Amino acid sequence: MSYLADYPLSWNHLLEVLPDGVAFVDEHGVIRYANERLAVLTGYTCDELVGQAVEVLVPSRGRGEHVAHRSEYAREPSAREMGSGLDLTLLCRDGNELAIDVALSPLGLDGKEWVVAMIRDDSVRRAAEQVRTEFERHALAAAEALSESEQRFRLAFENNMAGMVFTDFEDKILVVNDAFCLMVGRTREELLGHDSTPFTYPEDLEMSEEAHRRVTSGEADQVSYAKRYVHKDGRVVVVEVSKSPARDAAGKTLYFVISQRDITEERALTAQLSHQALHDPLTGLANRLFFEDQLSQAHARVDRQGGLNAVLLVDLDDFKGVNDTLGHLVGDKLLVAIARRFEQVTRSSDTLCRFGGDEFLYLAEGLTSTSQAEEVAKRLLGALAEPFSIDGAHLAQHASIGVVVRDATSTDDAEFIQDADVAMYEAKREGKGHHVVFTPAMRKQATSRFALLQELRQALQAGGISMHYQPIVNLITTEVVGFEALMRWQHPDRGWVPPNVFIPLAEMSELILELGAFALREAVSAASSWERAGSRVALPYVTVNLSAHQFHDPGLVSMIEEVLGTSGLPPERLILEITESVTLLDVAETLRVIEHLSRLGIGVALDDFGTGYSSLSYLALLHPRIIKIDQSFVSPPQESARNDTLLETIISLGHKLDMTMLAEGIETPAQLERLRLLRCEFSQGYLFSPAVPADEVAGMLDRVPANWG
Ligand code: C2E
Ligand code: MG
Ligand code: MG
C-alpha cells in the first residue's frame, strides 16, 4: 500500500483496469459495486448491476443452490482462488450464458462480511480444455485399440482357417499356424526352419520360387498364385497363395507373410460344374451346347481355310421299344454302351455328342469330299454291327444317319443340324439302318411331310380315318374265312391317301400308337357284328396289322384284352399281322408278347413273308399261325421260273412247319390255279375283292361270288 501511495492511483482506478470482472457483494448478496469489465462480461451497465442480487448473474437453474452456498460461505468465509474447477456459469443480460471462473475474497467491513468476487471469462480456456480431453480420450482409445488389434492379429493368425506362414528371405518358415500344419499334414517342428520344397508338388516348384523371387527383389509388392502341395497322406492339395512382405516403420522388409487357402474342393467342383454344363451326365459325351460351340468354330475354320465339315445325326432305330419293354435302366445302359462304341470310331479332331434321347451328333472336320463324310457314317453304323449284351439280354441296335456337308459357300448355318435331321428322316423312311446325305430338295419334302402328319392327326380326331376290309378266301372251298382290316384316309383335297404313305409317316411319331389303337377297336368291333345266316361255316376272323412300334408298346396286351372284352369278340377271331421287323429289336421280348397273346387265344400272322430277312430261325421261333406270302411272289412283275420255285419252296416250308399259307395280292385266275396246285390254303387279292367299307362286308359273308373260282 505504501508503495502505491507514491503513485497517483485511486482504488477505483485500480479496479477499473483489472482484466477480470469485480463485484462487491454485501452480506445480503446484493451487488454493491461492479467494475466496467464486469459490465462488459454481463451486458449490464455498472449502475444496473449495483443494487441487484448477485443471483441475477446466475442461471435460474442454479440460483437456489447459489443462495445456499452463499450463506454457507458467510458462516466460514475464506479466500478461493481461480481454477477451483467448479465450472461456473454467468447469465448475461441477453440470456446468453458464459463459462466463468470465480475467485472469492472475504471483506470484513464494520463487522459485516462482504465478498469480493473476481469473475473471469473462462470460455476459451474451458473450450481448450475440452479439446484437450477429447484428444486425450481419443489417444487413449487408440492406444487401447492398438493392443487389442495386436491381440486380434494374434488370434487371427492362430485360429485362421487359412494356412498362415511367415518366412524369411530364404523362404524358410519362421512362424506357422495350425491350419497350415493340417493343410500339409506336418507338425510345427517339421516345418519350422525349413522351406516348403519337400512337400510342394514338383511341377509347381519353379513357379513358387519365381513368386518368391519377385517379392524378395521388390519387383512385386504382393504375389498371388495357385500351387499344389503333397499332403503327408499323399493327397494333392490345391491352395491359393497370397504372399507379401511385412515391413518396419522405416520400410525395411522384416519377413514375408503368406496366407494360403485350400481350394482343392472348389477347384474340383468348378471343374465338375463346367464339365456338367457341357456334357451329358449319362454317357459323359459332350452335350448339345458344347457341340454347337464346336460347330460354329468349325464353320469359322472352313470359312478361313476352305475344306469341308460334315454333321452326322445318328438316330437309333426303334430305340423306344427298348425302354418300353426292358425298362429305362437297360435303355440307359445300352445308350452308354453305344456311346463307348461310337467313341472308339471318333477321330481326335472330330466331336461326338449326345444330342438327346436316342440321338447322337458327330462333327467331322477337315474333309475334302462328301464321300469322306459317308465313310464316317459307315464307320458309325459299323460300330453297331455286333449286338450288345446288357444284363444278359442280347440286343441288336441299329441306327439311321442323316449327313449334311458344309463348305465355305454354305450360308444357312442355322438350319445345319435341322438339315441333318431331314436327311436322317429320309434314311429311316428308306428302311433304317443306313445313311442318307442331305439335299436341298429334302427340306421341301420334309415340310410337306410335316404338314401331312399334322393333317393326319386332325383326320384321326375328325373321323377322316376308317377301316376297310379285304376278304381272305379259302382256295379249296372259296369261302370267306376272314378279313384283313386295312386303314383308309379320305383326305379332303388329296382324296384317298394310301396307307403306304401315311403309316410310315405316323411311325415316326407317337401317332402310330393312336392309329393302331383305332384300327384294333374298329376292326374288333366290326368283326363282332358279323353274322352268318346258317352256322355251316365258322364266323370269319379279322386280321389287324400291327407296326413294330405298337408291338413293343407295353400297353398293347392290356389294350387288346380291353377291346375284346368290350366287344365280346372271341379272341380266336382276332389275328394280329406282324412283320419280321418286330423281332429285330429284341427276340426274347417279342416271343414273350407272342406267347402272352397266344395264351389269350389270339393268333399271329407273319406278314409280307419273303421281303424281309425271311430268316428260318425267326420263323421257327415266332411260329405264327399264318404265313402271308408277299405279293411279289404271287404276282411278280415278270413271271419267272426262279420266282415260281421260290413260291413253291416257301409254301412247302410252311407246311413242314405246320403253318397255314396265305398268298397276298392274287389278281388272276392263273395265279389262283397255280396256288391251288401248290396247295396254298388261303389267299386274298383283287381277284376276289379289294378292301371294302365295313358296311359292304355283310354282303360277302353268305354268298360266294361265281367268279371266285
Ligand atoms: P399289307 O398288310 O401287306 O396289306 C396288303 C396290301 O396289299 C393292302 O394295301 C391291300 O389293299 C393290297 N392288296 C390286296 N390285294 C391286292 C392285289 O390283288 N393287288 C395289289 N397290287 N395289291 C393288293 P393297302 O391297304 O394300301 O395297305 C398297304 C400297307 O399299309 C399294308 O400292307 C400294311 O402294311 C399297311 N397298313 C394298312 N393298314 C394298316 C393298319 O391299320 N395298321 C398298320 N400298322 N399298317 C397298316
Ligand atoms: Mg397286312
Ligand atoms: Mg402284306
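Since the model is a prediction, treat every value here as computed from it, not as a measurement. Heads up: numbering here begins at 1 and tracks the sequence. Each ligand, and each atom within it, is numbered from 1 in the order the structure gives.
Counted by atom type alone, Gln454 and Arg457 present one or more donor-acceptor pairs between their side chains at under 3.5 Å. A donor-acceptor contact under 3.5 angstrom links the side chains of Asp317 and Ser400, judged on distance only. Checked by atom type, the side-chain pair Glu681/His655 shows a donor-acceptor distance below 3.5 Å.
Between the side chain of Ser509 and the main chain of Leu505, no donor-acceptor pair closer than 3.5 Å is present. Without hydrogens or angle criteria, Arg449 side chain to Tyr425 main chain gives no donor-acceptor distance under 3.5 Å. The main-chain N or O of Thr283 is found under 3.5 Å from a side-chain atom of Arg340 such that the two form a donor-acceptor pair.
Taking every heavy atom of both residues into account, Ala427 and Ile401 meet most closely at CB-O, 3.7 Å. Contact detail for Leu352 and Ala339: the closest heavy-atom pair is CD2-O, 4.2 Å. Listed here is the closest heavy atom pair of Tyr469 and Glu522: OH-O, 3.5 Å.
With hydrogens left out, the protein atom closest to atom 27 (O) of ligand 1 is Pro499 CG, 3.3 Å, a heavy atom. Of the protein's heavy atoms, Asn500 OD1, 3.1 Å lies nearest to atom 28 (C) of ligand 1. Atom 1 (P) of ligand 1 has its closest protein heavy atom at Asp607 OD2, 3.8 Å. Among protein heavy atoms, the minimum distance from atom 10 (C) of ligand 1 is reached at Leu486 CD1, 3.7 Å. The nearest protein atom to atom 12 (C) of ligand 1, hydrogens excluded, is given as Tyr686 OH, 4.2 Å; this is a heavy-atom distance. Looking at atom 41 (O) of ligand 1, its nearest protein heavy atom turns out to be Met487 CE, 3.5 Å.
Ion pairing between Glu415 and Arg443 holds under the 4.0 Å rule for side-chain N and carboxylate O. Salt-bridge formation is not detected for the pair Glu375/Arg379: no Lys NZ or Arg NE/NH1/NH2 atom is positioned less than 4.0 Å from an Asp or Glu carboxylate oxygen.
Remark: ligand 1 atoms within the under-4.0 Å shell around heavy atoms of Met467 are 41 (O). Which parts of ligand 1 touch Gly685 is read off a 4.0 Å heavy-atom cut-off, strictly below it: atoms 15 (N), 18 (O). Within ligand 1, the atoms closer than 4.0 Å to a non-hydrogen atom of Gln470 are 14 (C), 15 (N), numbered from 1 in the order shown.
Of all the N, O or S atoms in Glu484, the one closest to the Mg ion (ligand 2) is OE2. Residue Glu577 approaches the Mg ion (ligand 2) most closely through its N/O/S atom OE1. No other N/O/S atom of Asp608 lies as close to the Mg ion (ligand 3) as OD1 does.
A cation-pi geometry, defined here as NZ or CZ lying under 6.0 Å from the six-membered ring centre and within 45° of its normal, does not hold between Arg625 and Tyr541.
Heavy atoms of Glu664 found under 4.0 angstrom from ligand 1 belong exclusively to the side chain. Residue contacts with ligand 1 for His468 are absent, since no atom lies close enough (heavy atoms, distance under 4.0 Å). Counting heavy atoms under 4.0 Å from ligand 1, residue Asp608 touches it through the side chain alone. The backbone of Ile666, and not its side chain, has at least one atom closer than 4.0 Å to an atom of ligand 1 (non-hydrogen atoms only; backbone = N, CA, C, O). Within the 4.0 Å heavy-atom criterion, neither part of Gln684 lies near ligand 1. Contacts between Ala519 and ligand 1, counted as non-hydrogen atom pairs separated by less than 4.0 Å, involve the side chain only.
Counting only heavy atoms, the protein gets under 4.0 Å from atom 25 (O) of ligand 1. For atom 15 (N) of ligand 1, the protein comes within 4.0 Å by at least one heavy atom.
Ranked by closest heavy atom to atom 11 (O) of ligand 1, the top entry among Gln550, Gln631, Glu667, Arg488 is Arg488. For atom 33 (C) of ligand 1, the nearest non-hydrogen atom from the set Leu520, Asn545, Val634, Leu515 comes from Asn545.
The angle that Asp607 OD1 and Glu664 OE1 make at the Mg ion (ligand 3), rounded to 10°, works out to 90°.
Between His468 and Trp496, the angle of the ring planes goes over 60°, which puts this pair in the perpendicular group of the 30/60° scheme.
Partners of Glu561 by salt bridge (Lys or Arg N to Asp or Glu O under 4.0 Å), not counting sequence neighbours: none found.
Residues Phe342 and Phe360 place their aromatic rings such that the two centres sit under 6.0 Å apart.
Distance check for Asn545 against the Mg ion (ligand 2): an N/O/S atom falls below 2.8 Å.
The shell of residues lying under 4.0 angstrom from ligand 1, judged by heavy atoms, includes Ser547.
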